[in-house]
Amino acid sequence: QVHVVESGGGSVQAGGSLRLSCTASGSILRIGAMGWYRRAPGKQRELVGVNPSDGGTYYADSVKGRFTISRDNAKNTVYLLMNNLKPEDTAVYYCNAEVKGPNINYWGQGTQVTVSA
């Protein structure tokens, strides 16, 4: 049984910053890739960025240069530092974690980010 939990969402003005955290816990041998997705109201889910653990980090063009993914593997935690936030960044942000062995992906419940102009 694996649980993935995001935290750190909130409301900020345009140009502000937030740091989201995602921690995987439970029956875990090793975490592989960890990524961030988001879904804005009335919009499709969008990939924000993915860290494959054994390679470079991918960022969507819409956030490249503003968002940064980092990891603390000892804590099975991935962070999303969001700088220079824009109103279009408003969305529920979801974390996805790949558990090695079964190679199964688990989703968190999401955390709300609201950016006002």
Side-chain angles (χ1 to χ4, degrees):
Q1 186 172 348
V2 176
H3 291 88
V4 177
V5 179
E6 306 97 333
S7 63
S11 299
V12 298
Q13 290 186 315
S17 299
L18 284 173
R19 190 180 77 159
L20 307 183
S21 299
C22 169
T23 299
S25 62
S27 301
I28 300 173
L29 293 178
R30 186 169 67 89
I31 296 291
M34 300 187 77
W36 289 95
Y37 297 75
R38 66 186 182 185
R39 189 192 303 274
K43 303 291 193 298
Q44 293 183 317
R45 185 184 64 186
E46 175 188 24
L47 174 65
V48 175
V50 173
N51 178 262
S53 182
D54 58 357
T57 301
Y58 167 84
Y59 297 97
D61 289 341
S62 59
V63 306
K64 189 176 297 183
R66 299 188 298 120
F67 291 10
T68 302
I69 293 174
S70 60
R71 295 178 64 151
D72 186 339
N73 290 325
K75 298 179 179 179
N76 290 328
T77 297
V78 63
Y79 305 94
L80 181 66
L81 175 61
M82 304 181 292
N83 292 321
N84 192 24
L85 283 161
K86 304 175 180 180
E88 55 261 42
D89 294 320
T90 295
V92 177
Y93 284 71
Y94 297 91
C95 177
N96 180 277
E98 177 192 33
V99 177
K100 290 293 187 180
N103 293 330
I104 296 175
N105 291 282
Y106 294 87
W107 291 91
Q109 82 291 342
T111 185
Q112 176 71 47
V113 172
T114 302
V115 184
S116 60

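The first residue in the sequence is number 1, and the count goes up from there.
The same ILVMFWY cluster, assembled from side-chain heavy atoms under 4.5 Å apart, contains both L85 and I69. Cluster membership check: V78 shares its hydrophobic cluster with L18, using side-chain heavy-atom separations under 4.5 Å among Ile, Leu, Val, Met, Phe, Trp and Tyr. Both V48 and I31 are assigned to one and the same hydrophobic cluster, defined by single-linkage of ILVMFWY side chains at heavy-atom distances under 4.5 Å.
Counting heavy atoms from C-beta on, the side chains of M82 and V12 never come closer than 4.5 Å.
When N51, N76, T57 are each tested for a side chain to side chain donor-acceptor pair (under 3.5 Å) with R71, only one passes: N51.
Atom OG1 of T77 sits about 6.5 Å away from atom CE of M34, to the nearest 0.5 Å. In this structure, Q13 CD and S116 OG are separated by 5.0 Å, a value rounded to the nearest 0.5 Å. Atom-to-atom distance recorded for H3:NE2 and T23:OG1 is 13.5 Å, nearest 0.5 angstrom. In this structure, Y58 OH and K64 NZ are separated by 7.0 Å, a value rounded to the nearest 0.5 Å. With values rounded to the nearest 0.5 angstrom, K75 atom NZ is found 14.0 Å from C22 atom SG. Expressed to the nearest 0.5 Å, how far OG1 of T68 lies from OH of Y59 amounts to 5.0 Å.
Residues E88 and S62 bring no donor and acceptor atom of their side chains to less than 3.5 Å of each other.
Of all the heavy atoms in R39 and R45, the pair that sits closest is NH1-N, 3.6 Å. Scanning both residues, S53 and G32, for their nearest heavy atoms gives CB-O, 3.5 Å. For the residue pair V4 and A97, the shortest heavy atom distance occurs at CG2-CB, 4.1 Å. Of all the heavy atoms in A33 and V50, the pair that sits closest is CB-CG1, 4.4 Å.
Residue pairs meeting the side-chain hydrogen bond (donor to acceptor under 3.5 Å, both in side chains) criterion with at least one member in residues 91-108, sequence neighbours excluded: R38-Y93.
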(request) Give the intermediate values and the outcome of side-chain contact (heavy atoms from CB on, under 4.5 Å) for residues T90 and V113. (result) CA-CA 5 Å; T90 295; V113 172; 5.9 Å; no
(message) Set out, in order, the CA-CA distance, both residues' side-chain angles and the distance that settles side-chain contact (heavy atoms from CB on, under 4.5 Å) for E6 and L20, then state yes or no.
(response) CA-CA 7 Å; E6 306 97 333; L20 307 183; over 6 Å; no
